[in-house]
Number of protein chains: 2
Amino acid sequence: MCISTEFLAEAVYLSVDPYMRAYSSKLKPGDTFLGSQVAKIIESKNPKFPVGQHIVGYFGWRTHTISDGGTTTFGNAPMIVPNIGTLPLSLALGVLGMTGNTAYFGFLEICTPRVGETVVISTAAGAVGSHVGQIAKIKGCKVIGVTGSDEKGKWLVNELGFDHFINYKTDDLDKALSECAPEGVDCYFDNVGGDISSIIMRHMNNFGRISVCGAASTYNEKEAKASTIQRSMISFNLKMEGFLVQRWNDRWNEGIQQNLKWIKQGKLKYRETVTEGFENMFEAFTDMLQGGNVGKVIVKV
Amino acid sequence: MCISTEFLAEAVYLSVDPYMRAYSSKLKPGDTFLGSQVAKIIESKNPKFPVGQHIVGYFGWRTHTISDGGTTTFGNAPMIVPNIGTLPLSLALGVLGMTGNTAYFGFLEICTPRVGETVVISTAAGAVGSHVGQIAKIKGCKVIGVTGSDEKGKWLVNELGFDHFINYKTDDLDKALSECAPEGVDCYFDNVGGDISSIIMRHMNNFGRISVCGAASTYNEKEAKASTIQRSMISFNLKMEGFLVQRWNDRWNEGIQQNLKWIKQGKLKYRETVTEGFENMFEAFTDMLQGGNVGKVIVKV
């Protein structure tokens, strides 16, 4: 006897993330675009996924999905949205989802920040960057955010408690770092790659740590070139590690619960840039890639 | 009462190393060029450094040096040459000195190789590269050396036991790696940086490790550009660490003794490219930077 485990899920919120740009080059015309969503189960033959339940599924850019509860082409198996009380369900894609765990594990496990150290974050006003900076403050670090507008920078400093911001479009990054961090940089959380990263790495202290989360500056080119970083790595005994957040799948709930706790304690703030309408996903995506967002980008169906 | 600790040392062998090129840009005209040497003490007021004793000193390119036994501008305090029996004294600059410890600690501590893994080494026929490859074989790895001539490559494979060599000047590195290492690369010991490293990193396996020892390809330019490596680091969860060998100063003798043991067991071979005459140091140095050497470059006074 064959028991069906299928259910039908209807998208409620869709996630829009920089990493999609990196993976999109692997897609062929006609393929479903990748990504995760918060969806509501509207039909079900699977007792683990009952009708009315909200889930996070890696279903791609789709409004309706038939799933058997297994892993998809794009990622993990669907997960029940954790109990987040009266907080918005969309947070399960952001600060209480993959984005939040990317910040939590990617920063703490790879940068291993210590009290009093100086932390630099690129794409600091994005969903992950703004979250990492706040964790760094919770851990007693000095935090410098590199971002693309003064408006975003002021949000980081005035609302989130960053110590400094640098506008890479209008400031001389090298000079600004010498001024903001004359003591040198101990941890660098990298979302961009390219020359911004090469310059930041020249300001690092001996035995500094670099967490490579994204390389947004290089996603549009097959062979992006930048100043090499190997000499900085040798001179300062630097350690650099890239990561995909799925490596911490077995600790997933730890990250969610800690971030939830920090939100409830008022230590972790978040912002969402929400676009209404499934048909506007592409615009939300390209706008984000050009830096039009603050915090997590969400499309509400 | 002031007791003099001075002694006079006369150079016997001088070391010629790629790292000197990196540091030379910090020197001003008239400065002594940096480097280490095996020297014989010919006068002494210091009982720890008696007349007739051979030492390794970081005295720079000099034939005669007055030292007080302390650290110098260029490195560690002078060390007594370890007891190496009937082996040549020049080895204290190479396989039984800084070069050997660079290979020993830089490879084992940062690449943490495991039996059956695949290791790629750039500048594989140099003093450090040829040594690293032999340690990798001792540890049960498959070893691929990237070098600049078939002659050197044949030495690596036929004499030192490397599994493959790739001539980066005549082979298509990307294609050759796919052929030599279809299983992917687990450890990369990097002496060159630049595009060679960017290409090798695209062939790495998940959780691969990269030890950044040198960046010879970039020493002649202030702002050398190459294809960025951050996307490879993310996609494959790579860990990369740069180092200066002095970080293992407190374990210095461990490296010397292990390398000496491997030499006596016939597991570790070495070659020296020796130039006679102090006045020929500059030529020996520039020849090495152009790949004219095999193994360790030494100038005999």
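Reminder, nothing fancy here: chain letters follow the sequence lines and each chain counts from 1.
Contacts of B:I229 with chain A are made by side-chain atoms alone, with heavy-atom separations under 4.5 Å and no backbone atom involved. When heavy atoms are compared at a cutoff of 4.5 Å, B:F207 approaches chain A solely by way of its side chain, counted from C-beta outward. Heavy atoms of B:I234 lying under 4.5 Å from chain A belong to its backbone as well as its side chain. Heavy atoms of B:N206 lying under 4.5 Å from chain A are absent altogether.
Among A:S235, A:A224, A:A22, the residue with the largest count of heavy-atom pairs under 4.5 Å with chain B is A:A224. Residue with the most contacts toward chain B among A:G193, A:S232, A:S227: A:S227 (heavy-atom pairs, distance under 4.5 Å).
Considering B:F243, B:Y104, B:F107 in turn, B:F243 is the only one that fulfils the ring-ring contact (aromatic ring centres under 6.0 Å, His included) rule with B:W248. Exactly one residue among B:N101, B:T99, B:T102, B:N259 makes a side chain to side chain donor-acceptor pair (under 3.5 Å) with B:H131. That residue is B:N259.
When every heavy atom of B:N293 is checked against every heavy atom of B:G126, the shortest pair comes out as ND2-CA, 4.4 Å.
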Can B:F285 and B:F33 be said to form a ring pair (Phe, Tyr, Trp, His ring centres under 6.0 Å), step by step?
-> CA-CA 11 Å; B:F285 181 52; B:F33 205 81; 5.5 Å; yes
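A donor atom on one side chain and an acceptor atom on the other are found under 3.5 Å apart for A:S122 and A:Y188.
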